[in-house]
Amino acid sequence: MGASKNVPTDPLKITVAGAGIFGIWQALTLARAGHRVRLLDREPVPFAASASRLAGAMIAPYCEAESADPLVRDFGLSAARIWHETYPGLVRNGSLVVASSRDQSELRRFARMTVGHETVSGERFEALEPRLAERFSSGLYYPDEAHMTTPEAMRELLDLARAAGAQAHFGSHLEDEDIAQADVVVDCRGMGASDTLEGLRGVRGERLVVRARDVTLGRPVRLLHPRHPLYVVPWTEERFLIGATVIESEDTSLTTVRSALELLGLAYALHPAFGEAEVLELSAGVRPAFADNVPRVVIGPDKRIIHVNGAFRHGFLLAPVMAEIVRDVLAGQLSNHPLLQRR
Ligand SMILES: Cc1cc2nc3c(=O)[nH]c(=O)nc-3n(C[C@H](O)[C@H](O)[C@H](O)COP(=O)(O)OP(=O)(O)OC[C@H]3O[C@@H](n4cnc5c(N)ncnc54)[C@H](O)[C@@H]3O)c2cc1C
């Protein structure tokens, strides 16, 4: 079921701290469940400092299974259904994985590690991505995956949360007073919670946004490479997101030349017309992650403070499921779940 209207007999006053993708989905789901929700974010400009705004935002449970814990795929499939029911801006064109002729062993390995794909070549490949057919003759097609344009999706989900009754306050830090006044605090502050949430670490990521007038892609394309795999996600208005580095570091400084060269070089290898693209943004951020890179709902002994954190690369994919776990725990309908931890 999606984030459905389900008025509880006892609506709670809930403060959600942090308006990244986790916080927005919590606000939407809990408001639709009939609770009185305040969504706070310390940044005056929505999403300005969130890790979420940098995400590729692919709803790709099958492809992510190549490197993620099986929980990510299993709950990612449930989450994908909730996305489909809730967000009309989702583009459901699947995704494609390709490799250069030199890296075909990477493609075979990726096929072995994942399910939900078909091998496409020849006319079928050309029909899917005509602009790539000159350089690539085959690939893995995942028809049930989806994507979105990240900034628009965040704005539109926030609008849905407001329409459901959540009150959003930007430029508001989570203060002791907010905690005292709420029945429940759902802490979705990402790296902002690292001082209170044991085991949280940061994983640096860098990505680019370009405008390429001569490239057309119908879906996200992953280009496999032994050291630097890359993905390109087509956004609206001829924009493309090219990402992303994964570096064990909490350094938030600007994108390095090395990373920019890697990302741009691989985009150029995917299609030379990226050579003419305008670079609109080069950005770096830090993904909040636990040791196993699986997100968790962490509940303290009195259930009043609930942390939802550790999104790593799966924040967009898993956010709806994390929100339903919290909704169902508060309704007394869920006591155990693989993504739920009590302390
Ligand atoms: C380059 C890059 C590419 C990525 N690609 C993907 C991808 O393709 N798919 C995917 O799912 N994920 C991706 N991610 C990871 C993903 O973006 C994050 O892991 C996820 O978005 C984190 O979401 P969040 O809501 O937990 O935290 P955030 O988005 O960081 O939100 C936390 C919010 O809390 C606010 N806050 C902090 N402290 C306070 C306070 N004291 N009071 C009030 N508010 C506070 C912050 O301002 C922020 O808005 C990527 C990340 C990067 C950097």
Side-chain angles (χ1 to χ4, degrees), residues 15-27 38-61 63-64 68 72 76 79-80 83 95 145-148 150 153-154 157-158 168-176 178-179 185-197 200-209 220 222 230-233 241-247 249-252 255 259 263 281-290 293-297 307-320 322-323:
T15 293
V16 178
I21 196 63
F22 272 0
I24 297 173
W25 264 99
Q26 292 288 332
R38 289 176 76 219
L39 173 64
L40 308 181
D41 198 288
R42 68 180 170 194
E43 286 298 318
V45 177
F47 323 129
S50 69
S52 302
R53 83 191 161 84
L54 302 177
M58 290 169 285
I59 304 304
C63 284
E64 287 301 315
V72 171
W83 271 104
S95 55
E145 297 194 332
H147 72 282
M148 64 195 92
T150 313
M154 291 187 72
L157 283 168
L158 179 61
H169 302 273
F170 289 91
S172 287
H173 280 253
L174 177 67
E175 306 284 1
D176 289 346
D178 301 304
I179 298 174
V185 174
V186 184
D187 185 336
C188 301
R189 290 177 295 149
M191 289 305 292
S194 57
D195 52 346
T196 51
L197 197 50
L200 199 69
R201 76 185 201 288
V203 181
R204 177 177 164 87
E206 295 145 299
R207 57 77 150 145
L208 296 125
V209 180
R222 294 176 193 240
L230 139 144
Y231 55 76
V232 177
V233 185
L241 180 146
I242 302 169
T245 58
V246 181
I247 301 168
S249 160
E250 295 189 0
D251 180 2
T252 54
T255 311
S259 296
L263 293 170
E281 279 181 51
L282 268 169
S283 343
V286 173
R287 309 167 175 94
F290 293 117
N293 296 333
V294 176
R296 299 256 195 306
V297 172
H307 288 272
V308 186
N309 215 317
F312 186 53
R313 292 172 47 171
H314 314 302
F316 276 74
L317 178 60
L318 292 177
M322 309 306 278

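For ligands, and for the atoms within them, numbers begin at 1 and follow the listed sequence. Below, all heavy atoms of this structure are taken into account, side chains as well, without hydrogens, waters or symmetry copies.
- In this structure a side-chain-to-backbone donor-acceptor pair under 3.5 Å is present from N309 to G190.
- Between P220 and M58, the closest heavy-atom pair is CB-SD, 3.7 Å.
- In terms of protein heavy-atom proximity, atom 47 (O) of ligand 1 is closest to D41 OD1, 2.8 Å.
- For M191, no heavy-atom contact with ligand 1 is shorter than 4.0 Å.
- Protein heavy atom at the shortest distance from atom 27 (O) of ligand 1 is G190 CA, 3.8 Å.
- Between the R38 side chain and the A168 main chain, no donor and acceptor come within less than 3.5 Å of each other.
- Residues L208 and T255 are not in side-chain contact: their nearest non-hydrogen atoms beyond the backbone lie 4.5 Å or more apart.
- Atom 28 (P) of ligand 1 has as its closest protein heavy atom A51 N, 3.5 Å.
- The minimum heavy-atom distance linking P288 with M191 is given by the pair CA-SD, 3.6 Å.
- The nearest non-hydrogen atom to atom 4 (C) of ligand 1, considering only G23, A55, A49, A19, comes from A55.
- Considering backbone and side-chain N/O atoms, E43 never comes within less than 3.5 Å of an N/O atom of ligand 1.
- In plain terms, the two heavy atoms of L317 and W83 that are nearest each other are O-NE1, 3.8 Å.
- Across G243 and L263, no two heavy atoms sit closer than the pair C-CD2, 3.9 Å.
- Nearest approach of A57 to F316, heavy atoms of both residues: CB-CD2, 3.6 Å.
- Close approach of ligand 1 to F316 (heavy-atom distance below 4.0 Å) involves ligand atoms 10 (C), 11 (O).
- Classification of the F47-F170 ring pair by plane angle, with boundaries at 30° and 60°, yields perpendicular.
- Heavy atoms of R204 found under 4.0 angstrom from ligand 1: none, in either backbone or side chain.
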- Determine, step by step, whether T150 and R53 satisfy the side chain to side chain donor-acceptor pair (under 3.5 Å) criterion, reporting the C-alpha distance in whole Å, the side-chain angles of both residues, the deciding distance to 0.1 Å, and the verdict. CA-CA 6 Å; T150 313; R53 83 191 161 84; over 6 Å; no
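- Interface of I21 with ligand 1, defined as ligand atoms under 4.0 Å from a residue heavy atom, comprises 21 (O), 23 (O), 25 (O).
- Paired with V246 under the rule side-chain contact (heavy atoms from CB on, under 4.5 Å), one option of E206, R287, R204 passes, and it is R287.
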- With side chain to side chain contact (heavy atoms under 4.5 Å, CB included) as the test, would you mind laying out the steps for I21 and L157 before giving the verdict? CA-CA 9 Å; I21 196 63; L157 283 168; 3.8 Å; yes
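- Closest protein heavy atom to atom 43 (C) of ligand 1: R42 N, 3.3 Å.
- In D195, the CG atom is crowded: over 12 heavy atoms of neighbouring residues, nucleotides or ligands sit closer than 6.0 Å.
- When the heavy-atom distances from atom 52 (C) of ligand 1 to H147, R287, M154, R53 are ranked, the shortest goes to R287.
- Taking only nitrogen or oxygen atoms, main chain and side chain alike, A311 does not reach within less than 3.5 Å of ligand 1.
- Closest to atom 21 (O) of ligand 1 among all protein heavy atoms lies S52 OG, 2.7 Å.
- Of the candidates S172, C188, G192, the one placing a heavy atom closest to atom 32 (C) of ligand 1 is C188.
- For the pair P288 and ligand 1, a heavy-atom separation below 4.0 Å is found.
- Closest heavy-atom approach to atom 3 (C) of ligand 1 within the set L54, V72, V308: this belongs to L54.
- Of the possible polar contacts, one joining the S249 side chain to the D251 backbone as a donor-acceptor pair under 3.5 Å is found.
- The A57 neighbourhood of ligand 1 comprises atoms 7 (C), 8 (O), 9 (N), with distances under 4.0 Å to a heavy atom of that residue.
- With a 4.0 Å heavy-atom cut-off, ligand 1 is reached by no atom of A48.
- Residue Y231 has at least one heavy-atom neighbour below 4.0 Å for each of these atoms of ligand 1: 3 (C), 4 (C), 5 (N), 8 (O).
- Not a single heavy atom of F47 sits under 4.0 Å from any atom of ligand 1.
- Annotation: G315 places an N or O atom under 3.5 Å from an N or O atom of ligand 1; distance criterion only.
- Of the protein's non-hydrogen atoms, the one nearest atom 10 (C) of ligand 1 is R313 O, 2.9 Å.
- Judged by distance alone, with hydrogens and angles left aside, the side-chain atoms of R207 form a donor-acceptor pair with the main-chain N or O of L54 at under 3.5 Å.
- Regarding atom 41 (N) of ligand 1, its nearest protein heavy-atom neighbour is R189 CD, 3.6 Å.
- Polar contact check, R207 against ligand 1: no nitrogen or oxygen pair lies under 3.5 Å apart.
- Distance from atom 19 (O) of ligand 1 to its nearest protein heavy atom, with residue and atom name: F312 O, 2.5 Å.
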